[in-house]
Visitor: 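Please find one structure pasted underneath; my questions will follow.
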Amino acid sequence: MTVIEERSYIEAARREKLAALIERGIAPFGYRFERSHSAQEALEAYEEDGVEVSVSTAGRIVSMRPHGKATFVHIGDRSGKIQLYFRRDVLGDDGYELLKLFDLSDFIGVRGSLFRTRTQEVTIKVEEFQLLTKALRPLPFGKEDAEGEQHGGLTDPEMRYRQRYVDLAVHADVREVFILRAQVVRLIRQFFDGRGFIEVETPILQPIYGGAAASPFVTNHRALDTRLYLRIADELYLKRCIVGGLDRVYEIGHDFRNEGIDRLHFPEFTMLEFYQAYADYNDMMDVLEELISGIVEQVCGSLRIERFGKTFDFTRPWRRAGFVDLVRQHSGVDLATAEDGELRQRLRDRGEEAVDEWPRTKLIDEMFKTFVEPSLVQPTIVQDHPIEISPLAKPKRGNPRLAERFELLVNGHELANAFSELNDPDDQRRRFEEQAAAREAGDDEAHQIDEDFIRALEYGMPPTGGLGLGIDRLIMLLANRKSIRDVILFPTMRPKT
RNA sequence: GACCGGGUAGCUCAGCUGGCAGAGCAACGGACUUUUAAUCCGUAGGUCGUGGGUUCGAAACCCACCCCGGUCACCA
């Protein structure tokens with residue numbers, strides 16, 4: 001009893017109804033219900049007045065308008081909403097009285113026939129109904145007026161992320177984002193399966209992390225008494241698959257990077273990586289264009305899409321531009337000849353601080369991010385990065401100071417990164433050693449030396465093109481969402497104390 | 001990590017220069033058989049993020065802390 005007294009008066013009222021239901025022998029948490037139609041299907045099944053169409057459907061009560069001896073209720077499922085009409089003279093006194101024990105958010109199942117109300121809304125005239133689940137907490141359903149304007153509802157971002165189930169239950173457009181996400185992932189799998197790729201799963205817990213420049217999460221395996229890292233990329237294991245003769249592989253999975261959180265970054269995110277033997281980075285550009293333009297067209301119905309108040313055109317071919325050329329055009333600096341001091345000065349002029357501690361690799365990267373990235377709105381392939389910032393890519397044919405690498409940028413954000421994969425084990429060892437030296441010098445995001453990976457390359461890896469694509473950022477673009485958290489179902493939050 | 005903004009009823013929010021903690025929706029009771037932000041009458045509902053301080057008096061002012069958002073930093 002004290003427990004109930006400590007609850008809010010609203011929950012207490014629902015608990016009282018729960019008790020009243022049990023007293024009447026009604027199970028408040030049902031087992032199943034046979035539906036003949038979803039809400040949407042029921043709306044479509046209506047023919048005309050006088051034609052009897054009987055339907056059984058179920059859903060959550062999202063609005064209720066009692067009028068004495070008749071009551072209007074809307075229930076919703078994933079397909080949409082439908083109105084129910086309960087009449088005392090149809091359901092009998094006892095049956096109709098039961099409605100008073102129902103609340104917003106309860107799940108019910110109904111059977112009845114379709115008709116149109118005076119206001120022309122297709123509605124089920126309920127002949128039988130049953131409670132399927134009693135909700136003990138109310139969902140904050142707002143109200144929608146005639147103009148479709150929302151009143152009330154749920155806006156607190158903290159609750160929307162912490163209790164995503166509430167956000168989903170209340171906002172159809174949030175459900176749409178995750179339905180779209182599932183559709184995109186399905187299209188990706190179809191794309192690669194249709195091209196002779198096989199989907200593989202590589203370790204998430206790794207004794208040595210690599211394949212990107214990032215800080216890892218560290219954990220411990222008790223039985224092996226060993227330190228393990230959560231992967232920051234799939235890359236090095238997928239290339240081992242190529243060494244082993246799998247020829248074309250892809251993986252869709254989570255990578256983990258122990259970094260800050262902002263609109264574009266989240267420590268646990270979804271990456272697609274694929275590797276194709278006997279291909280180079282030019283082939284990867286074609287594959288990527290085909291993949292992305294195909295998804296955009298199938299999901300959005302057009303290659304030109306309006307997002308974030310801009311128009312993006314994914315019609316092939318996309319613009320292609322050289323990394324060094326772009327930096328020269330936007331900053332006047334030639335990375336081939338510029339000294340570190342000049343780069344530092346240019347960045348300092350742009351308000352960057354702490355530039356004195358940055359190694360050259362970081363300076364190059366920042367030059368691009370600061371001067372070039374914001375201006376690349378339309379899909380752009382940026383290619384041929386300086387080799388020192390690309391330790392896993394082959395040198396460019398004809399210019400060994402550059403790497404056969406490209407990134408796809410859309411709306412000033414990196415979406416994908418690809419190489420002609422470095423397959424010379426001695427060169428790979430030298431690159432790792434440079435990385436190790438950088439680590440010594442304090443760059444704790446530089447690669448560790450992965451001896452097993454080098455050994456794999458020594459057995460011989462065919463020429464291979466590889467690519468990584470951030471799924472979350474792709475979904476953000478397609479779903480028109482500004483924050484990566486809006487495309488992740490349950491974003492980790494700091495625990496409440 | 002730094003700075004800015006926020007945390008008040010179940011939800012959305014107001015609360016001025018310190019003076020009895022409010023509204024709409026939701027809830028509860030009543031009326032109402034085609035309503036749809038239903039309407040009408042009535043009732044109840046609060047650890048004002050937490051802990052200290054100033055004051056006759058603090059939701060408001062001061063200090064510390066917690067949580068969220070944004071910007072920056074970090075982050076290919």
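Side-chain atoms are counted along with the backbone in the values below, which use heavy atoms only and exclude waters and symmetry mates. The chains referred to below are lettered A, B, ... by the order of the sequence lines, with proteins before strands, and numbering in each begins at 1.
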Visitor: Let's test this: given Watson-Crick or G-U wobble pairing with both distances under 3.5 Å, identify the partner of U34(B).
Guide: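 Partner of U34(B): none found under 3.5 Å.
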Visitor: Return the value, rounded to whole Å, for the distance between atom CE of Met493(A) and atom C1' of C68(B).
Guide: 6 Å
Visitor: Hey, does the side chain of Lys100(A) come within less than 4.0 Å of C28(B)'s phosphate (OP1/OP2), counting only N and O?
Guide: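 No, because none of the side-chain N or O atoms of Lys100(A) sits under 4.0 Å from OP1 or OP2 of C28(B).
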Visitor: Is it the case that U35(B) (base atoms only) and Gln83(A) (side chain only) share a donor and an acceptor within less than 3.5 Å, ignoring hydrogens and angles?
Guide: yes
Visitor: Please step through ring pair (Phe, Tyr, Trp, His ring centres under 6.0 Å) for the pair Phe72(A) and Tyr85(A), ending with a clear verdict.
Guide: CA-CA 5 Å; Phe72(A) 291 92; Tyr85(A) 181 44; 4.7 Å; yes
Visitor: Compare side-chain N and O positions of Lys125(A) against OP1 and OP2 of U34(B) and report whether any pair is under 4.0 Å apart.
Guide: no
Visitor: Determine, for Lys369(A) against Glu373(A), whether the closest basic-nitrogen to carboxylate-oxygen distance falls under 4.0 angstrom.
Guide: no
Visitor: When you measure from the side chain of Arg65(A), which nucleotide among A38(B), C67(B), U34(B) comes out closest?
Guide: A38(B)
Visitor: What's the closest nucleotide to the Phe72(A) side chain, out of C28(B), U33(B), U34(B)?
Guide: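 Ranking C28(B), U33(B), U34(B) by closest atom to the Phe72(A) side chain puts U34(B) first.
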Visitor: What's the gap between U47(B) and U43(B) when it is taken at their P atoms, as a whole Å value?
Guide: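 These two P atoms come out 22 Å apart once rounded.
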Visitor: Is there a donor and acceptor pair closer than 3.5 Å between the side chain of His265(A) and the base of C75(B)?
Guide: yes
Visitor: Please work out which of the three classes, parallel, tilted or perpendicular, describes the rings of His447(A) and Phe432(A), given edges at 30° and 60°.
Guide: tilted
Visitor: Can you check the Asp486(A) CG to G70(B) P distance for me, whole Å?
Guide: 9 Å
Visitor: Could you work out the separation of U55(B) and A23(B) based on their C1' atoms and round it to a whole Å?
Guide: 30 Å
Visitor: Rounded to whole angstrom, note down the P distance from A14(B) over to C28(B).
Guide: 27 Å
Visitor: Base, sugar-phosphate, or nothing: which does His74(A) touch, judged by heavy atoms less than 4.0 Å apart?
Guide: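 His74(A): base contact, heavy atoms under 4.0 Å.
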Visitor: Does Arg88(A) contact U33(B) through a side-chain donor or acceptor facing the base, at a distance under 3.5 Å?
Guide: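 Absent.
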Visitor: To the nearest angstrom, how far is Phe368(A) atom CZ from C75(B) atom C1'?
Guide: 16 Å
Visitor: Can you work out whether Lys369(A) or Phe141(A) has the more 5'-proximal nearest nucleotide on RNA chain B?
Guide: Phe141(A)
Visitor: When the P atoms of U35(B) and U39(B) are compared, how many Å lie between them, rounded to an integer?
Guide: 13 Å
Visitor: For a quick test of reading the model: is some side-chain N or O of Arg485(A) closer than 4.0 Å to OP1 or OP2 of G69(B)?
Guide: yes
Visitor: Round to the nearest Å and state the distance from Leu136(A) atom CG to A27(B) atom C1'.
Guide: 15 Å
Visitor: Strictly below 4.0 Å, N to O, side chains only: are Glu97(A) and Arg24(A) in salt-bridge contact?
Guide: no
Visitor: Using a cut-off of 4.0 Å on non-hydrogen atoms, how would the nucleic acid contact of Arg162(A) be classed: base, sugar-phosphate, or nothing?
Guide: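 Sugar-phosphate: the residue Arg162(A), judged by heavy atoms under 4.0 Å, touches backbone atoms but no base.
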Visitor: So which nucleotide from U71(B), U33(B), G69(B) ends up closest to the side chain of Tyr85(A)?
Guide: U33(B)
Visitor: From the set U35(B), G69(B), A37(B), return the single nucleotide nearest to any side-chain atom of Tyr161(A).
Guide: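 That would be G69(B).
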Visitor: Can you measure Asp255(A) atom CG to C75(B) atom P for me and round it to whole angstrom units?
Guide: 18 Å
Visitor: Let me confirm one number: the CZ-OH distance from Phe115(A) to Tyr46(A), rounded to the nearest 0.5 Å.
Guide: 9.5 Å
Visitor: Using the six-membered ring wherever Trp is involved, compare the ring planes of His385(A) and Phe368(A) and label them parallel, tilted or perpendicular (cut-offs 30° and 60°).
Guide: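 Because their plane-to-plane angle lies in the 30° to 60° range, the rings of His385(A) and Phe368(A) count as tilted.
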Visitor: Taking the P atom in each of U8(B) and G46(B), what is the distance between them to the nearest angstrom?
Guide: 15 Å
Visitor: Check the distance between U71(B)'s P and Arg263(A)'s CZ and give it to me in whole angstrom.
Guide: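 The answer, rounded to whole Å, is 4 Å.
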Visitor: Can you confirm whether Gln120(A) is buried at CD, in the sense that more than 12 heavy atoms of other residues, nucleotides or ligands lie under 6.0 Å from that atom?
Guide: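 It does: Gln120(A) CD has more than 12 such atoms within range.
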Visitor: Could you give the CG-to-P distance, from Asp103(A) to A27(B), as a whole number of Å?
Guide: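 It works out to 7 Å between those atoms.
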Visitor: Over all strands shown, is Asn417(A) touching base, sugar-phosphate only, or nothing at heavy-atom distances under 4.0 angstrom?
Guide: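 Result for Asn417(A) = base.
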Visitor: So, is Arg494(A) close to the C68(B) phosphate, meaning a side-chain N or O under 4.0 Å from OP1 or OP2?
Guide: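 Answer yes for this pair, as a side-chain N or O of Arg494(A) is under 4.0 Å from OP1 or OP2.
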Visitor: Using a strict 4.0 Å threshold on nitrogen-to-oxygen distance, state whether Arg328(A) and Asp325(A) make a salt bridge.
Guide: yes
Visitor: Could you let me know what G24(B) is paired to, Watson-Crick or G-U wobble, both distances under 3.5 Å, or none if it's on its own?
Guide: C11(B)
Visitor: Starting the side chain at C-beta, find the nucleotide from C74(B), C25(B), U35(B) nearest to Asp262(A).
Guide: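 From the listed options, C74(B) comes nearest.
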Visitor: May I have the distance from Asp167(A) (atom CG) to G69(B) (atom P), rounded to whole angstrom?
Guide: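 Spelled out: CG on Asp167(A) to P on G69(B) is 13 Å.
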Visitor: Please determine, for G29(B), whether a Watson-Crick or G-U wobble partner exists with both distances under 3.5 Å, and give it or none.
Guide: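 With both distances under 3.5 Å, G29(B) matches C41(B).
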Visitor: Measuring only the C1' atom in each nucleotide, how far is G7(B) from C75(B)? A whole number of Å is fine.
Guide: 29 Å
Visitor: What does the B/S/- profile of nucleotides 2-12 of chain B look like, 5' to 3', with a 4.0 Å heavy-atom cutoff to protein?
Guide: --------BSS
Visitor: For C3(B), give the paired nucleotide (Watson-Crick: N1-N3 plus N6-O4 or O6-N4; G-U: N1-O2 and O6-N3; both under 3.5 Å), or none.
Guide: G70(B)
Visitor: Is the shortest distance from a Lys or Arg side-chain nitrogen in Lys81(A) or Glu121(A) to a carboxylate oxygen in the other one below 4.0 Å?
Guide: no
Visitor: Under a 4.0 Å N-O cut-off, is there an ion pair linking Arg481(A) with Asp173(A)?
Guide: yes
Visitor: For G45(B) versus A37(B), give the span between their P atoms, rounded off to a whole number of Å.
Guide: 31 Å
Visitor: For C56(B), which nucleotide is its Watson-Crick or G-U wobble mate, given both distances must be under 3.5 Å?
Guide: G19(B)
Visitor: If the cut-off is 4.0 Å, is Lys17(A) near the phosphate of C28(B), judged by side-chain N/O to OP1 or OP2?
Guide: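 The answer is yes; a side-chain N or O of Lys17(A) sits under 4.0 Å from OP1 or OP2.
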Visitor: Mark yes or no for a side-chain to base donor-acceptor pair under 3.5 Å between Arg118(A) and U34(B), with no hydrogen or angle criteria applied.
Guide: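 Flag unset: no donor-acceptor pair detected.
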Visitor: Both distances below 3.5 Å, Watson-Crick or wobble geometry, any strand: find the nucleotide opposite C65(B).
Guide: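 In the structure as shown, C65(B) has G49(B) as its Watson-Crick or wobble partner.
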Visitor: Check whether any side-chain nitrogen or oxygen of Lys69(A) sits under 4.0 Å from OP1 or OP2 of U33(B), and answer yes or no.
Guide: yes
Visitor: Using the P atom on both, measure C56(B) against C48(B) and round to a whole Å.
Guide: 23 Å
Visitor: Indicate, with a heavy-atom threshold strictly under 4.0 Å, whether Pro391(A) touches base, sugar-phosphate, or nothing.
Guide: base
Visitor: Between Glu407(A) and Arg405(A), is there a side-chain N and carboxylate O pair less than 4.0 Å apart?
Guide: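 Judged by the 4.0 Å cut-off on N to carboxylate O distance, Glu407(A) and Arg405(A) do form a salt bridge.
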Visitor: Among A37(B), U33(B), C74(B), which nucleotide has an atom closest to any side-chain atom of Arg87(A)?
Guide: U33(B)
